[in-house]
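Report on the following structure.
Position 1 is the first residue of the sequence, and the numbers go up from there.
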Amino acid sequence: MDNTQGHILWVDDEIDLLKTHFLYLEHKNYKLTAATNGIDAIEMVRKQNFDIVFLDEHMPGKSGLEVLGEIKAIAPALPVVMITKSEEEDFMDMAIGNLAADYLIKPVKPEQILMTLKKNVHKKDILNQQTTSSYRTDFSEIGMQMSENLKPEEWADLYRKLVNWDLRLTEADNNMTEVLHMQWQEANRLFGRYVKKNYLTWLENADARPLMSMDIMPKRIFPLMDKGEKVFLVVIDNFRFDQWKAIQPLLAEHFTFDSEEFVHAILPTATQYARNAIFSSLMPLQIAKLYPDLWVNEDDEEGKNLNEEPLIRSCLNRFRRNDVKFAYHKINNSQAGERFIEQLPTMRGHVLNVCVMNFIDMLSHARTESKTIRELANTEAAYRDLAVNWFRHSSTLAIFRELSRLGFKVVLTTDHGAIRVTKPQKVVGDKTTSLNLRYKVGKQMSYPTKAVMEITQPERYGLPAPNVSSTYIFALENDFFAYPNNYNYYVSYYRDTFQHGGISLEEMMVPFVVMSPKKN
């Protein structure tokens, strides 16, 4: 049985002086191949598979840096460690610039070589083992922490742990992800009970509830403005907490993170309701009563988010901030983002700027409708990676970079998240029943009562009632609503898509982050 730890190519014109290193590594079950010059080493890399190359800088003929460049051209993923007598910073910069995995300064001790091997050859295995061990330790603690009777801050702590482990296990390519998935399902089952038990109380007692959509302006944005801050509120539609944690490192170069907390998105967790609640600081029924011209009903054909700018103005007016100079922008594509960057310097005179970015919501819909994108984002991790790649390669990262350069205090949040749905629940309703897969509003609907949260008195929950007998129902866990007509096709089409509108950690507990620009 082959128990080789890895195959090392060592390139040095004084290879005989390295016998003790070779014996040490062979004792550790590494296979060693030696080359005394760069030309031979390059040819060996062409013909054989190596796990790592140790490359001396000073050799006759081609220099180590020249050999490094040619090896990386042949095998870009092969780690090459430079070994040199030089401690000059310029050489280190050149080695890193030419994609050296590491560099060691002579005389090299065997322990240094072993550490380098662990970093560059065995890192994934070590990470996998350590992550598995750590999660097994944390598994029981998370399980004991779960309860429908948790307080909001305890749910926040639990959700952070689940997302943290999701990111770590995914990075480690770990076989424990299925165990985490089952634990996550249990958390969402209990979270549904928690929301059903407490949601009405939250609406009735503003002082005792967690931060909710309609609280963002009066409880977070206005206090910043009162301190003299010029606030830039960025709302990324359909933005999950795990996506934020994956994107956060991209912003760390430009911002310090003053605070990070959760907003409990209102029900339904959909743009028409939750985002309008953010901008107006009102529940949907209050908007419909106070500003009937700004509220769009479920059965109206016009766009549901066309009145956001006047809703912001109405909020400022109600809180006696009529003189606040603000600007509202919506970005739907990279071209609009590039134009937005050009306009940013003109916004420094505004006390409040609001920007809505719709890309992730568009990505979610595209994943549902496009087989190609569904294949590209066939897992939670892949869907998250698409969001990160959008952030990095679209104009979005450039927008945040410019916001930092211009000295804006940035508040980043969203209206709601989304959950990957797997289990259909049959709902029967008339033609006036709404179409969303995670919530329905209609009259005389038939549905499995135990599988939903139902609201038969919408006004008590701050929701408009299109009809006297209107009922709202919300999907729990990973469920989605399906009509009996053409049932099998409908289910196969929407299963494993990302939807929103219902009750889950991913939809309701969304990030709220305050960031300050780093001083250049």
Side-chain angles (χ1 to χ4, degrees), residues 1-129 171-173 249-250 253 385 388-389 392-393:
M1 179 175 165
D2 184 10
N3 61 350
T4 302
Q5 291 269 42
H7 191 179
I8 301 169
L9 172 61
W10 200 310
V11 190
D12 195 310
D13 61 321
E14 298 178 321
I15 207 76
D16 290 341
L17 300 179
L18 298 170
K19 285 183 179 178
T20 55
H21 288 71
F22 277 41
L23 289 171
Y24 174 80
L25 292 170
E26 286 171 350
H27 179 71
K28 295 286 186 180
N29 293 321
Y30 289 96
K31 180 180 178 181
L32 274 295
T33 297
T36 57
N37 61 78
I39 294 174
D40 288 349
I42 292 166
E43 192 61 26
M44 289 177 180
V45 170
R46 290 186 194 278
K47 294 180 178 179
Q48 299 182 58
N49 293 321
F50 297 99
D51 295 296
I52 193 168
V53 178
F54 288 102
L55 177 61
D56 187 39
E57 159 56 11
H58 296 289
M59 293 183 296
K62 289 180 180 288
S63 71
L65 286 174
E66 290 176 309
V67 176
L68 168 63
E70 295 195 37
I71 287 176
K72 296 304 288 186
I74 298 166
L78 178 61
V80 180
V81 178
M82 299 298 299
I83 299 179
T84 177
K85 294 178 181 177
S86 173
E87 296 187 33
E88 294 179 4
E89 188 176 346
D90 287 349
F91 171 76
M92 298 177 186
D93 291 345
M94 285 189 289
I96 294 170
N98 283 279
L99 302 180
D102 205 346
Y103 55 85
L104 299 174
I105 298 172
K106 292 183 177 180
V108 179
K109 297 179 181 179
E111 293 81 3
Q112 290 176 285
I113 297 294
L114 189 61
M115 180 60 69
T116 300
L117 290 168
K118 287 183 180 292
K119 285 166 55 181
N120 293 285
V121 177
H122 307 298
K123 180 180 178 180
K124 187 174 182 180
D125 291 337
I126 293 170
L127 177 63
N128 195 12
Q129 292 168 8
E171 183 181 355
D173 193 20
L250 299 177
E253 181 182 347
D385 286 345
V388 173
N389 285 326
R392 179 187 286 115
H393 298 298

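Shown here is I39, whose CD1 atom has no more than 12 heavy atoms of other residues, nucleotides or ligands within 6.0 Å.
With contacts defined as side-chain heavy-atom distances shorter than 4.5 Å, the pair I113/F54 qualifies. Looking only at side-chain heavy atoms (C-beta outward), I83 and L55 stay at 4.5 Å or farther from each other. In this structure, the side chains of L104 and M82 stay at 4.5 Å or more apart for every pair of heavy atoms. No side-chain heavy atom of W10 sits under 4.5 Å from any side-chain heavy atom of D56. Two residues are said to be in side-chain contact when any heavy atoms from C-beta on lie closer than 4.5 Å; F22 and I15 meet this criterion. Contact of the V81 side chain with the Y103 side chain is not registered, since no non-hydrogen atoms from C-beta on lie closer than 4.5 Å.
Partners of D51 according to the salt bridge (Lys or Arg N to Asp or Glu O under 4.0 Å) rule, which considers only residues two or more places apart in sequence or in another chain, do not exist here. Among residues two or more places apart in sequence or in another chain, the side chain to side chain donor-acceptor pair (under 3.5 Å) test is passed with K109 by none. The side chain to side chain donor-acceptor pair (under 3.5 Å) test applied to D16 returns no partner, not counting sequence neighbours. For the salt bridge (Lys or Arg N to Asp or Glu O under 4.0 Å) test, residues two or more places apart in sequence or in another chain that qualify with R46 are E43. E253 meets the side-chain contact (heavy atoms from CB on, under 4.5 Å) test with no other residue; sequence neighbours excluded.
Looking at D12 and K106, a side-chain N of the basic residue comes within less than 4.0 Å of a carboxylate O on the acidic one, giving a salt bridge.
Residue pairs satisfying the side-chain hydrogen bond (donor to acceptor under 3.5 Å, both in side chains) criterion with at least one member in residues 23-40, sequence neighbours excluded, are listed as follows: H7-T33, Y30-H122, N37-D40.
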